Amino acid sequence: MKILVINAGSSSLKYQLIDMENETLLAKGLCERIGLDGKFTYKPLVEGKSKIDAVDVAMPTHAEAIQAVLNALIDPANGVVASMDEIDAVGHRVLHGGKAFTKSCLVDDACIAAIKKCIPLGPLHNPANLMGIDACTKCMPGKPQVAVFDTAFHMTMPPKAYTYAIPYEYYENDDVRRYGFHGTSHRYVSARCVELLGNPEHSKVICCHLGNGSSLSACVDGQCVDTTMGLGPLAGVPMGTRCGDIDGTIIEYLMGKHGYDIKEMMNILNKKSGVLGISGVSSDFRDLEAAASQGNERAQLALDKFNYEVRKDIGAYAAAMGGCDAIVFTAGVGENGADTRAHICEGLEYMGVKLDPAKNAQRADEHIISTDDSKVKVFVIATNEELMIARDTKAIAEAL
Ligand code: AMP
């Protein structure tokens, strides 16, 4: 069975074709500048096939983008399948499933209506995700499609974790609660971690998804019991450009002082804050590390703030779970930032975390970076959200 995985944004669309026989990636790529001057990238992972690198392809809408993907996949010279019939189903990443979705679901009229209902909760992403679904329906009529939600994994959180301390009617009437994001990544790495721990009957795992966007989750026996992002992806630890947790008073104060409207204020918190905001240098951790090593104090402060907040949340989740068996680092910074991992774990010796500096400096998709006698095992596990989406899609498509 071959599954096409789609991650549609408002003007871009990432795709992967995965052969589920042995879970191998056949091709991947990206459509960028949809609705503008369309750029198409295609990378086949099959011997002897040539890639296409950011070439001009007219993509006025997502439908032309999907068509360009299909054309490349079935191209006689450089395609990886003979015809569209070989693509059995499509899995879509969907940001917000609200309270309605605790797991992935087949895309049908009811599912589309429910995703639409969640647009107020995910105003930037859900409409784009729907455009991806709609484009596939047009280009591949009748092909089973599955929606995999970023929020679904976190729906096992207990009320004390997801309830905000604001009047309860906002939860009852307006669905205001913690939802959490990066759920597919947290699900993948937490499950892999439990496997690497030897599938114990009971496990307490803290997952640190640290990338451009960052979030932590606390997972007991494979189920999420808390996570740092909230109603939207602005909450939690500081991120590349997002502020993470701040005092709501700041919003009122700055809007009053500078005369910002709410749109300007939210733009500052989403796009101009985080480590970019503190450093004034970059949202990219490699740039920050380079600047800090040259003596840039604000770049150093941005890194210190990030590491401090992640460390604090690890401590909080160990307290929330009554212990911790393992910590997992994943995503761009988590997988590659050895210094960041070392600084985050500094001072966690009291709870049984002992990093092995040599192991931490090594690179691998999956490896343990704690010492043999560390009570808490620390892993780096490369996330694979696309594979998780493909697995869910396969399971749902096979059951049809
Ligand atoms: P993601 O959003 O998961 O793609 O992660 C992007 C982030 O990973 C960027 O801030 C990058 O700077 C960071 N990153 C990638 N490679 C490295 C590296 N070798 N060291 C530190 N950070 C890295």
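The structure presented is a predicted model; accordingly, all values stated were derived computationally and were not measured. For ligands, and for the atoms within them, numbers begin at 1 and follow the listed sequence.
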With atom 15 (C) of ligand 1 as the reference point, say which of R341, R286, E335 has the nearest heavy atom.
-> R286
Residue and atom name of the nearest protein heavy atom (relative to atom 14 (N) of ligand 1), distance in Å to one decimal = G332 O, 3.7 Å
Looking only at protein heavy atoms, what sits closest to atom 20 (N) of ligand 1 is N336 O, 3.7 Å
Does ligand 1 have an atom that lies less than 4.0 angstrom from a heavy atom of R363?
-> yes
With a 4.5 Å limit on heavy-atom distance, are the side chains of I52 and T41 in contact?
-> no
Applying side-chain contact (heavy atoms from CB on, under 4.5 Å), run through L196 and E366 and close with a yes or a no.
-> CA-CA 9 Å; L196 293 170; E366 273 185 8; 4.0 Å; yes
For Y162, is the NZ or CZ atom of R177 found under 6.0 angstrom from the centre of its six-membered ring and inside 45 degrees of the ring axis?
-> yes
Minimum-distance protein heavy atom relative to atom 22 (N) of ligand 1 | F285 CB, 3.8 Å
Purely on distance, is any nitrogen or oxygen of D284 under 3.5 Å from one on ligand 1?
-> yes
Please identify which atoms of ligand 1 are closer than 4.0 Å to at least one heavy atom of G211.
-> 1 (P), 2 (O), 3 (O), 5 (O)
Row check, F153 ring normal vs K103 NZ/CZ: under 6.0 Å, within 45° | no
Please check if I344 and V353 belong to a single hydrophobic cluster, counting links between Ile, Leu, Val, Met, Phe, Trp and Tyr side chain heavy atoms closer than 4.5 Å.
-> yes
From atom 4 (O) of ligand 1, is the closest protein heavy-atom distance below 4.0 Å?
-> no
Would you mind checking which non-hydrogen protein atom is closest to atom 6 (C) of ligand 1, with the distance to 0.1 Å?
-> N212 N, 3.7 Å
Looking only at protein heavy atoms, which one is nearest to atom 7 (C) of ligand 1, and how far off is it?
-> V333 CG2, 3.8 Å
V80 vs L17 side-chain heavy atoms within contact, under 4.5 Å | yes
Can any side-chain N or O of N270 pair as donor or acceptor with the backbone N or O of M266 at less than 3.5 Å?
-> yes
